[in-house]
There are 2 protein chains.
Amino acid sequence: MADIGIKEIAAKANVSIATVSYVLNGTRNVRPKTRERVLRVIEEMNYKPNNAAQSLKRKRTNTIGVIAEDVTVFNVPEIIDGINDCADKLDMHILLTNLRLDKRISRNFDQVDSYRSFAANAVSELLSKQVDGIIYIGIHPRDLTGLFDTYGKPIVYAYCYTQNDVSLQYNDEQASYDAMAHLVKQGHKRIAVITGMMDSIPSRLRFNGFYKAIMEYNLPFDPQLMKMGNWEAESGYRLTMELLELNEPPTAILAMNDVMAVGVLRAAAEVGVLIPRELSVIGFDNREFSEYLIPRISTMDLPLHEIGYQAMESLALLIKGEPIPNNPLPNCKLIERDSVAPPLRL
Amino acid sequence: MADIGIKEIAAKANVSIATVSYVLNGTRNVRPKTRERVLRVIEEMNYKPNNAAQSLKRKRTNTIGVIAEDVTVFNVPEIIDGINDCADKLDMHILLTNLRLDKRISRNFDQVDSYRSFAANAVSELLSKQVDGIIYIGIHPRDLTGLFDTYGKPIVYAYCYTQNDVSLQYNDEQASYDAMAHLVKQGHKRIAVITGMMDSIPSRLRFNGFYKAIMEYNLPFDPQLMKMGNWEAESGYRLTMELLELNEPPTAILAMNDVMAVGVLRAAAEVGVLIPRELSVIGFDNREFSEYLIPRISTMDLPLHEIGYQAMESLALLIKGEPIPNNPLPNCKLIERDSVAPPLRL
DNA sequence: CTGTTAGCGCTTTCAT
DNA sequence: ATGAAAGCGCTAACAG
């Protein structure tokens with residue numbers, strides 16, 4: 001393709017560059033014959049409009065910046081996929097920035113200052129690139145208010161919270177409520193929960209859903225059945241051991257993520273408790289590995305694709321200056337597999 | 001930030017726009033005092049050069065296009081991470097295109113025509129965006145020669161092959177040889193292999209490594225020990241069953257991916273064969289789930305990050321018109337976990 | 001050391 | 001229905 005521009009096309013088609021521009025953009029009526037001639041030349045010479053020039057003129061790049069805290073963390077690729085899915089339809093492009101946060105600060109999200117500069121730099125470069133807007137993808141749902149300033153550029157946050165901008169999450173409360181409902185429907189009454197770190201928003205939301213189910217289904221509210229984990233498999237293992245030693249152990253465990261559910265499996269295997277016959281387990285996140293475990297565990301699937309899709313939709317609206325409709329939070333979906341069964345009749 | 005450009009800066013700093021440009025780019029000596037004044041104004045007004053204008057002028061965008069066949073397939077995020085890691089250092093940016101191939105055509109890679117247009121479109125848009133080069137990330141190593149034309153723009157392929165362009169893979173042969181060596185060192189002699197689809201390049205390469213180890217270590221070459229799988233867990237399961245029914249069953253199995261290794265685990269569990277005590281297993285790919293299985297399986301880790309990093313390095317060289325050094329294929333790394341032990345003494 | 005100015009490739013107003 | 005020409009915000013001769 002090289003260096004052919006609108007000028008070359010105009011010359012070869014015997015029209016002015018303006019006309020070429022008109023047929024290119026459909027901005028004005030062009031005599032069909034002329035139009036076809038131009039189109040043919042464009043085709044022949046394999047001409048592609050120079051987007052840098054267009055952007056300069058139009059003050060619009062049709063490109064958004066996506067800042068991912070870490071593309072290698074499980075939730076991010078699906079969200080990007082959703083963004084992409086929608087961006088394709090809107091003819092938008094994606095400038096991707098990867099903060100590599102997981103490698104750089106691991107899980108120390110509280111040390112905001114250690115990554116604020118990464119984020120601010122990313123925004124700065126994106127702004128320089130004249131993106132029409134920005135989507136920020138978190139790797140852990142938390143409040144990110146005030147992380148950086150976009151100087152008026154539209155931004156939407158996905159998989160995290162913020163007070164002054166649009167942010168997309170999913171319905172954590174409904175998710176754990178649904179998981180509980182499923183267990184209850186199987187006949188379970190003594191259901192234990194292993195939470196994530198309680199300083200995390202999803203942990204608290206999921207606990208709310210758990211609690212709501214306890215109340216609505218009139219289940220025994222037994223503090224011994226509520227264990228605080230830390231998202232890691234080891235905590236699932238340890239707390240399951242404790243649960244199994246109870247005088248009246250639970251017949252089912254709701255683990256707030258699939259990783260801790262692995263710990264439940266390990267503990268059960270070690271003590272010789274059969275899953276799901278003697279103990280049901282349900283996880284959270286629908287991580288890839290959850291279906292490769294033995295037994296394959298039932299889990300709550302996160303609407304990641306939809307979060308990405310909606311984030312892009314909302315951003316497009318923001319860019320056009322239109323109001324964002326108040327969408328309900330997308331729901332999680334129960335994936336039924338082999339780790340849940342009715343409790344053993346006594 | 002809005003509409004402040006170099007002109008506003010120049011005015012406020014009492015210099016010409018040229019001078020502003022000079023301090024911005026360090027293209028020419030500027031009197032320190034002037035320089036500082038300009039810098040201060042830039043800072044104050046939070047000015048960011050308009051990249052569209054720069055690109056138009058410089059005929060260089062410092063942006064590369066990355067075409068990912070599918071960002072949700074396991075190998076892709078790590079490769080993107082590697083590209084990013086390197087791109088950051090070179091001050092390059094990434095325009096990401098996601099072909100969503102896994103959703104659109106699943107695994108029917110042979111029907112090239114069904115996705116050629118997706119790929120060609122992606123290239124076309126990237127070219128229009130004036131990217132300096134392109135990296136194409138495959139989701140399955142195969143020959144992609146002639147998939148599309150980049151009209152002279154530099155391109156490098158990652159995780160796939162091509163005959164006329166630079167492409168980055170990893171050393172499959174060494175990987176399976178190393179896996180075998182590890183098994184041999186533990187004392188295994190009767191080692192079975194469960195291959196992937198034999199129309200796939202990695203399958204054949206991995207088989208070569210397996211065969212080389214058989215020869216070099218003088219292991220029995222027993223056709224009964226070589227099973228052709230299809231990458232899926234079910235085939236791992238079925239073939240393991242066959243292997244276990246042999247008069248003289250293997251003491252170790254090399255599965256050509258972790259998914260089939262799951263099948264091995266399931267079969268062993270079903271027949272009551274203890275892993276690793278009675279049967280050792282080693283997988284391939286170091287998929288996330290491999291460390292959550294019970295037992296955690298040993299596996300070969302793919303140098304995905306490095307492939308991405310090298311792809312970016314090579315592309316940068318190509319862009320500068322410099323020759324690509326002939327790097328050796330990056331190696332896979334054995335991840336030792338709990339699925340390998342010395343064979344039972346008879 | 002600093003300023004003037006001619007484009008980069010396009011869109012769009014204003015003429016015709 | 002078409003064209004001429006004025007920029008978009010910047011870089012880089014060229015001139016002083």
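Convention: sequence-line order gives letters A, B, ...; per-chain numbering from 1. Note that the structure is a prediction, hence the values are computed from the model and not measured.
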### Query
Hey, does the side chain of Ser16(A) reach the backbone of Ala18(A) with a donor-acceptor pair shorter than 3.5 angstrom?
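Yes.
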### Message
Checking side-chain polar atoms at under 3.5 Å, does Thr61(B) have a donor or acceptor matched by the opposite partner on Lys129(A)?
### Response
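Per modelled atom types, Thr61(B) and Lys129(A) side chains form no pair under 3.5 Å.
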### Query
What do you reckon, are the aromatic ring centroids of Tyr136(B) and Tyr159(B) less than 6.0 Å apart?
no
Quick one: does NZ or CZ of [X] land under 6.0 Å from the six-membered ring centre of [Y], within 45 degrees of the ring axis?
X         : Y         : answer
Lys12(A)  : Tyr47(A)  : no
Arg104(A) : Phe118(A) : yes
Lys48(B)  : Tyr151(A) : yes

### Summary
Rounded to whole Å, the CG-C1' distance (Asn25(A) to dT12(C)) equals 10 Å
### Query
OP1 or OP2 of dG9(C) less than 4.0 angstrom from a side-chain nitrogen or oxygen of Gln54(A), does that happen here?
no
### Query
Touch check for Asn51(B), heavy atoms < 4.0 angstrom, all strands: base, sugar-phosphate only, or nothing?
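No contact.
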### Message
Protein within reach of the bases, or only the backbone? For nucleotides 1-8 of chain C, mark each nucleotide 5' to 3' as B, S or -, using heavy atoms under 4.0 Å.
### Response
SBBBBBBB
### Residue that, paired with Val15(A), satisfies side chain to side chain contact (heavy atoms under 4.5 Å, CB included) out of Val20(A), Val41(A), Ile9(A), Val30(A)
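Result for side chain to side chain contact (heavy atoms under 4.5 Å, CB included) with Val15(A): Val20(A).
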#### Entry: Range on DNA chain D touched by chain A, heavy atoms, distance below 4.0 Å
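So the outermost contacting nucleotides come out as dA1(D) to dG9(D).
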### Summary
In short, ring pair (Phe, Tyr, Trp, His ring centres under 6.0 Å) pairs touching residues 92-114 of chain B with sequence neighbours left out are Phe109(B)-His140(B)
